[in-house]
> 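I have a structure here, written as structure tokens, and I will follow up with some questions on it.
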Amino acid sequence: MIVRVLFFGATASLAGVRSLDISLPDESTAETVLGQIKNKFTKLGSQRLLYSLNQTYATGDEIVRDGDEIAIFTAVSGG
Amino acid sequence: MIVRVLFFGATASLAGVRSLDISLPDESTAETVLGQIKNKFTKLGSQRLLYSLNQTYATGDEIVRDGDEIAIFTAVSGG
Amino acid sequence: MYDFAELTTDPINIDSVARRVVPPECGATVTLDGYARKFTKDKSTGGVRETLYLEYEGYEPMALKEMEKLIEAAKGQFEISNVGIVHRLGKLEIGETSVVISVASPHRRAAFEACEWLIKELKRTVPIWKKEVYADGEHWVEGEFSDTPA
Amino acid sequence: MYDFAELTTDPINIDSVARRVVPPECGATVTLDGYARKFTKDKSTGGVRETLYLEYEGYEPMALKEMEKLIEAAKGQFEISNVGIVHRLGKLEIGETSVVISVASPHRRAAFEACEWLIKELKRTVPIWKKEVYADGEHWVEGEFSDTPA
């Protein structure tokens, strides 16, 4: 299955991309996606990261499905 | 000496005037002025009144001087 | 100096008040915007009355002095940078802004506190009176009485 | 329904946000206006840096959802009538408004409390990031980290 991964702000800058599609085995969790992304983009490894699944904050054990959208980012700084 | 007395809102409506000059003996206090005004405009007698001397809240024992300005009004309701 | 206290018979634009208190080192402005209510509770009967429009009257020179005193007191009491207060006088339609208080501060907590203190004190001390006009009469609203407003 | 959550790349007019939340039965609106600071403290060095301008980036669909969640939560928690939140994105000059939160309520105490709660939560949960641009570089600002923002 294919999951879309998005980066914003500092993570987009560190990863050097704003989005990519990654291929995963079925029944993967959100945490698995985060691990794969950290392996692929080693600069993200030192960051304290937050992530969302389908535009809702993820805790990690959510099962991701084909076509899902995961965003990976640092602590928000709006306002 | 002559003191100018001003009314606003409810007191202007009850007194039927917005301002008048009253004549007083020297060394009169602000409270004396208020007493005279209450005698003159009996409708004001039942009101809880505040007053100011020269645009500062008065407590009553201030000595008024010729040309001073006293305003008599009900509790403020701006905002 | 970015502080100001003003009376006006024209409509008040909140943006133009709030923006005037902004200094470069500040982070946040808190603005209180009060306006003419359509429905008010009659304290004696407990019933609800519909107001057609309002009229505000002020003892203008003293009102300005009291507003300036409030600004000075707020700046002594809270960690704030600038304060702007504009109160409208004359006839106001329902929903129109009667008063705007804007407070700018480096940290927003102080701006919230100061703004809330200022509107409470303004309602207690600044010599302005509100008349509610109904279909069948009118009434000068009396504030909370206090022996020592200032 | 007078509640709204919006993102815009255009300048925000505080008056137009604050006036949109006013219902006829209400008495007061409290508005928080946040803006781009000229000087910020560098947490690592303690020195003060001058910012030339800022850029805000948002994860737009999620940011709108989180703003709407905040409005719903505030209305459950405080005695308020309406809430409007507008956050700006894109390039902002120093002093320009980045966010406006307006809360209307029958009694102003609740509006002050809700507005203060909303800006605190917005800064913690809404996926928007700020980049400060200096004469000699730029920096994506990182907020306070929390394991469970929402």
Side-chain angles (χ1 to χ4, degrees), chain B residues 2-22 29-38 41-79, chain C residues 5 7 32-37 40 43 54-70 85-90 92 97-101 115-116 118-132 137-150:
Chain B
I2 304 287
V3 170
R4 166 144 292 206
V5 179
L6 307 177
F7 301 104
F8 293 94
T11 57
S13 170
L14 289 166
V17 293
R18 302 192 63 85
S19 72
L20 77 161
D21 290 342
I22 63 166
T29 62
E31 198 163 20
T32 312
V33 179
L34 184 66
Q36 291 217 1
I37 291 294
K38 280 185 173 175
F41 301 99
T42 51
K43 284 186 182 171
L44 292 176
S46 59
Q47 301 293 309
R48 305 191 73 174
L49 297 173
L50 296 169
Y51 53 130
S52 63
L53 175 60
N54 297 328
Q55 302 160 11
T56 301
Y57 279 101
T59 54
D61 50 5
E62 297 87 352
I63 303 294
V64 299
R65 302 186 194 289
D66 187 58
D68 277 357
E69 179 178 291
I70 287 194
I72 297 173
F73 45 82
T74 56
V76 305
S77 55
Chain C
L7 299 168
L32 181 285
D33 160 28
Y35 33 79
R37 293 179 199 226
T40 52
K43 278 172 194 163
L54 288 101
E55 274 181 34
Y56 282 90
E57 180 174 317
Y59 180 13
E60 300 193 26
M62 182 172 164
L64 288 170
K65 282 186 193 176
E66 291 293 327
M67 286 156 74
E68 284 155 10
K69 281 185 198 168
L70 289 182
I85 304 178
V86 181
H87 201 298
R88 188 157 167 206
L89 299 177
L92 272 80
T97 292
S98 52
V99 62
V100 170
I101 301 178
C115 190
E116 191 167 5
L118 282 161
I119 182 64
K120 177 170 67 71
E121 290 299 300
L122 179 145
K123 284 171 172 276
R124 201 175 67 82
T125 66
V126 176
I128 293 173
W129 300 269
K130 173 168 65 178
K131 184 170 74 176
E132 292 174 351
E138 56 181 49
H139 171 64
W140 280 104
V141 178
E142 197 167 337
E144 294 282 311
F145 186 87
S146 139
D147 274 320
T148 51

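Labels below follow one simple rule: chain letters A, B, ... track the order of the sequence lines, proteins then strands, and each chain is numbered from 1.
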> Taking salt bridge (Lys or Arg N to Asp or Glu O under 4.0 Å) as the cut-off, I'd like each qualifying pair that reaches into residues 4-16 of chain B, sequence neighbours left out, listed once.
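Residue pairs passing salt bridge (Lys or Arg N to Asp or Glu O under 4.0 Å), neighbours aside: B/Arg4-B/Asp21.
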
> So for C/Tyr56, is it side chain, backbone, both, or neither that comes closer than 4.5 Å to the heavy atoms of chain B?
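For C/Tyr56, the contact with chain B is made by the side chain alone.
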
> At their closest point, which heavy atom of B/Gln55 faces which heavy atom of C/Glu66, and how far apart are they?
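Here B/Gln55 and C/Glu66 meet closest at O-OE2, 4.5 Å.
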
> To the nearest 0.5 angstrom, please state how far the CZ atom of C/Phe145 sits from the CG atom of B/Leu50.
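These two atoms lie 4.5 Å from each other.
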
> Can you name the nearest heavy-atom pair linking B/Val76 to C/Leu122, along with the distance?
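Heavy-atom minimum between the residues: CG2-O, 4.5 Å.
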
> What heavy-atom pair brings B/Gly79 and C/Ser98 nearest, and what distance separates the two atoms?
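Smallest interatomic distance, heavy atoms only, reads O-OG, 3.1 Å.
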
> Short question: side chain of B/Ser77, backbone of C/Glu142 - any donor-acceptor pair under 3.5 Å?
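Flag not set: sc B/Ser77 to bb C/Glu142 has no pair under 3.5 Å.
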
> Checking heavy atoms, do the side chain of C/Lys123, its backbone, both or neither come under 4.5 Å from chain B?
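For C/Lys123, the contact with chain B is made by backbone and side chain together.
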
> Could you pull out the closest heavy-atom pair between B/Gly9 and C/Glu57, with the gap in Å?
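Residues B/Gly9 and C/Glu57, closest heavy atoms: N-OE2, 3.0 Å.
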
> What pairs with B/Asn54 under side-chain contact (heavy atoms from CB on, under 4.5 Å), at least two apart in sequence or on another chain?
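side-chain contact (heavy atoms from CB on, under 4.5 Å) check on B/Asn54 returns B/Asp68, B/Glu69.
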
> Which region of B/Thr56, side chain (C-beta onward) or backbone (N, CA, C, O), has a non-hydrogen atom less than 4.5 Å from a non-hydrogen atom of chain C, or is it both or neither?
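For B/Thr56, backbone and side chain are both near chain C.
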
> How about NZ on B/Lys43, more than 12 heavy atoms from neighbouring residues, nucleotides or ligands closer than 6.0 Å, or not?
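Open.
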
> Pick one: which of B/Phe7, B/Phe8, B/Tyr57, B/Tyr51 meets ring pair (Phe, Tyr, Trp, His ring centres under 6.0 Å) with C/Tyr59?
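Of the listed residues B/Phe7, B/Phe8, B/Tyr57, B/Tyr51, the ring pair (Phe, Tyr, Trp, His ring centres under 6.0 Å) partner of C/Tyr59 is B/Phe8.
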
> Heavy-atom cut-off 4.5 Å, strictly under: side chain, backbone, both or neither for C/Trp129 against chain B?
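For C/Trp129, heavy atoms of backbone and side chain both lie under 4.5 Å from chain B.
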
> In terms of heavy-atom proximity below 4.5 Å to chain C, should B/Leu14 be classed as side chain, backbone, both, or neither?
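Nothing of B/Leu14, per the 4.5 Å heavy-atom cut-off to chain C.
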
